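Down below is the structure, laid out as structure tokens.
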Amino acid sequence: NVECLRRRPERLYMGSESVKVVVRCRPLNDREKALSCKMVLSMDLQRCQCFIEKPGAVDEPPKQFTFDGTYYIDQATEQMYNEIAYPLVEGVTEGYNGTIFAYGQTGSGKSFTMQGVSEPATQKGVIPRAFEHIFESIQCAENTKFLVRASYLEIYNEEIRDLLGSDTKQRLELKEHPEHGVYVRDLSMHTVHSVGECERIIEKGWRNRAVGYTLMNKDSSRSHSIFTIHLESCSTGELIRSLPSLYLFSLC
């Protein structure tokens with residue numbers, strides 16, 4: 001029932017670590033309820049600690065783990081974004097690369113956290129919230145023009161596919177450039193001008209993902225995906241300059 005979110009900004013925020021690990025707990029699903037499963041996880045939200053009990057082991061103390069942040073069943077994605085993701089995305093608009101990395105087993109809630117749902121509004125996912133955040137920052141910037149581009153790829157059976165390309169079945173190659181680092185050759189980049197365009201792009205890519213039935217989740221993506229937002233800006237009378245990228249990972 002545990003899902004991990006790692007955030008990796010390229011600088012330190014207010015003296016904090018550059019890598020933070022956050023755990024979010026989901027409620028029991030219908031299958032688990034039908035099997036009369038018992039919740040064995042509890043949290044101390046103030047101390048950011050998780051406790052896992054061993055069923056039937058009355059005299060055995062629970063396993064204890066400490067993280068940079070803990071979010072229980074009744075806490076919404078909105079709260080987690082404001083506390084964890086907001087400063088990272090803000091850093092991207094100021095000139096630093098950032099990564100939000102969702103990791104957990106099938107059915108642990110990665111897609112729910114990253115993609116979210118439209119209702120209730122507090123459970124809107126990290127990715128659409130990042131769209132809103134970036135374009136709000138752009139609207140507030142004075143004497144500056146921005147170019148926002150997006151890419152969306154999937155890693156499935158050790159093959160890379162472009163979820164937004166003209167041929168989503170084509171296998172792409174991973175390359176390394178001496179100056180720009182690792183990149184995916186022929187990965188399409190799409191210019192976006194609004195939150196609505198970003199949402200349409202991610203919905204298109206989401207429909208192209210590989211899906212397969214599992215015991216934990218009948219609509220499991222069965223793949224890893226990386227959605228990247230690239231920013232460039234220019235001020236009046238200046239050449240365009242490249243800003244950092246925001247990488248949004250969802251790994252099963």
Side-chain angles (χ1 to χ4, degrees), residues 1-10 13 16-27 29 41 43 48 50 65 67-92 97-118 122-134 150-156 158 160-161 163-164 184 198-199 201-203 205-212 214 216-229 244-252:
N1 289 358
V2 177
E3 171 211 359
C4 291
L5 283 177
R6 295 187 180 185
R7 68 166 208 171
R8 189 183 60 83
E10 300 299 332
Y13 288 95
S16 63
E17 295 291 336
S18 59
V19 177
K20 289 201 171 184
V21 181
V22 178
V23 173
R24 188 180 190 186
C25 178
R26 66 160 174 80
N29 58 33
L41 176 71
M43 290 183 173
C48 299
C50 295
F65 303 90
F67 299 90
D68 296 298
T70 51
Y71 295 87
Y72 201 56
I73 295 169
D74 56 348
Q75 293 177 289
T77 306
E78 180 180 35
Q79 178 183 351
M80 190 195 66
Y81 184 88
N82 290 338
E83 295 175 356
I84 301 299
Y86 186 93
L88 184 145
V89 179
E90 191 72 11
V92 171
N97 286 329
T99 299
I100 300 175
F101 181 98
Y103 178 83
Q105 74 172 65
T106 297
S108 62
K110 301 180 301 297
S111 297
F112 182 84
T113 294
M114 298 300 285
Q115 191 80 6
V117 292
S118 57
T122 55
Q123 296 292 17
K124 185 183 296 185
V126 168
I127 294 177
R129 289 182 185 278
F131 294 156
E132 295 175 354
H133 187 167
I134 287 173
S151 64
Y152 199 6
L153 65 84
E154 176 183 63
I155 305 172
Y156 183 61
E158 299 185 1
I160 301 174
R161 301 190 304 127
L163 294 175
L164 302 176
V184 177
C198 290
E199 291 175 343
I201 278 183
I202 198 168
E203 287 174 4
W206 191 262
R207 290 194 297 268
N208 290 329
R209 294 191 66 186
V211 177
T214 69
M216 290 296 293
N217 184 358
K218 65 181 180 64
D219 296 319
S220 173
S221 63
R222 308 298 294 152
S223 66
H224 312 313
S225 68
I226 304 175
F227 188 92
T228 307
I229 302 172
S245 300
L246 173 63
Y247 304 93
L248 301 164
F249 288 74
S250 180
L251 302 189
C252 62

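Given the structure is predicted, the values throughout are model-derived calculations rather than measurements.
- The backbone N or O of Q115 sits nowhere less than 3.5 Å from a side-chain atom of K110 that would complete a donor-acceptor pair.
- Going from atom CD1 of I100 over to atom CG of L88 covers 5.0 Å, rounded to the nearest 0.5 Å.
- Atom-to-atom distance recorded for S118:OG and E199:CD is 9.5 Å, nearest 0.5 angstrom.
- For the side-chain contact (heavy atoms from CB on, under 4.5 Å) criterion with E78, the lone passing option out of Q123, R129, E83 is R129.
- Scanning both residues, Y72 and L41, for their nearest heavy atoms gives OH-O, 3.4 Å.
- Taking CD1 from I226 and CD from E154, the interatomic distance works out to 11.0 Å, rounded to the nearest 0.5 Å.
- By the 4.5 Å heavy-atom criterion applied to side chains, F227 and L163 are not counted as neighbours.
- With values rounded to the nearest 0.5 angstrom, E203 atom CD is found 12.0 Å from N208 atom CG.
- Checking side-chain atoms of D68 against main-chain N and O of V22 turns up no donor-acceptor pair under 3.5 Å.
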Does M43 form a side-chain contact (heavy atoms from CB on, under 4.5 Å) with F67? I'd like the steps, not just the answer.
CA-CA 11 Å; M43 290 183 173; F67 299 90; over 6 Å; no

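- Summarising the geometry of G98 relative to V92, their closest heavy-atom pair is N-CG2, 3.9 Å, with the distance given to 0.1 Å.
- The aromatic rings of Y81 and H133 sit perpendicular, their planes meeting at an angle over 60°, well past the 30° parallel limit.
- The closest side-chain heavy-atom distance from F65 to V23 is not below 4.5 Å.
- Counting all heavy atoms, side chain and backbone alike, P87 lies closest to N82 at CD-O, 4.0 Å.
- Here the CD1 atom belonging to I84 is positioned 12.5 Å from the OG1 atom belonging to T77, to the nearest 0.5 angstrom.
- Residues R26 and T113 form no side-chain contact, since every pair of their non-hydrogen atoms from C-beta on lies 4.5 Å or further apart.
- Here the shortest heavy-atom pairing between A76 and R24 reads C-NH2, 3.6 Å.
- Heavy atoms only, all atoms of each residue included: I160 and L153 are closest at CG2-CD1, 4.3 Å.
- When all heavy atoms of G69 and C48 are compared, the pair lying nearest together is CA-SG, 3.9 Å.
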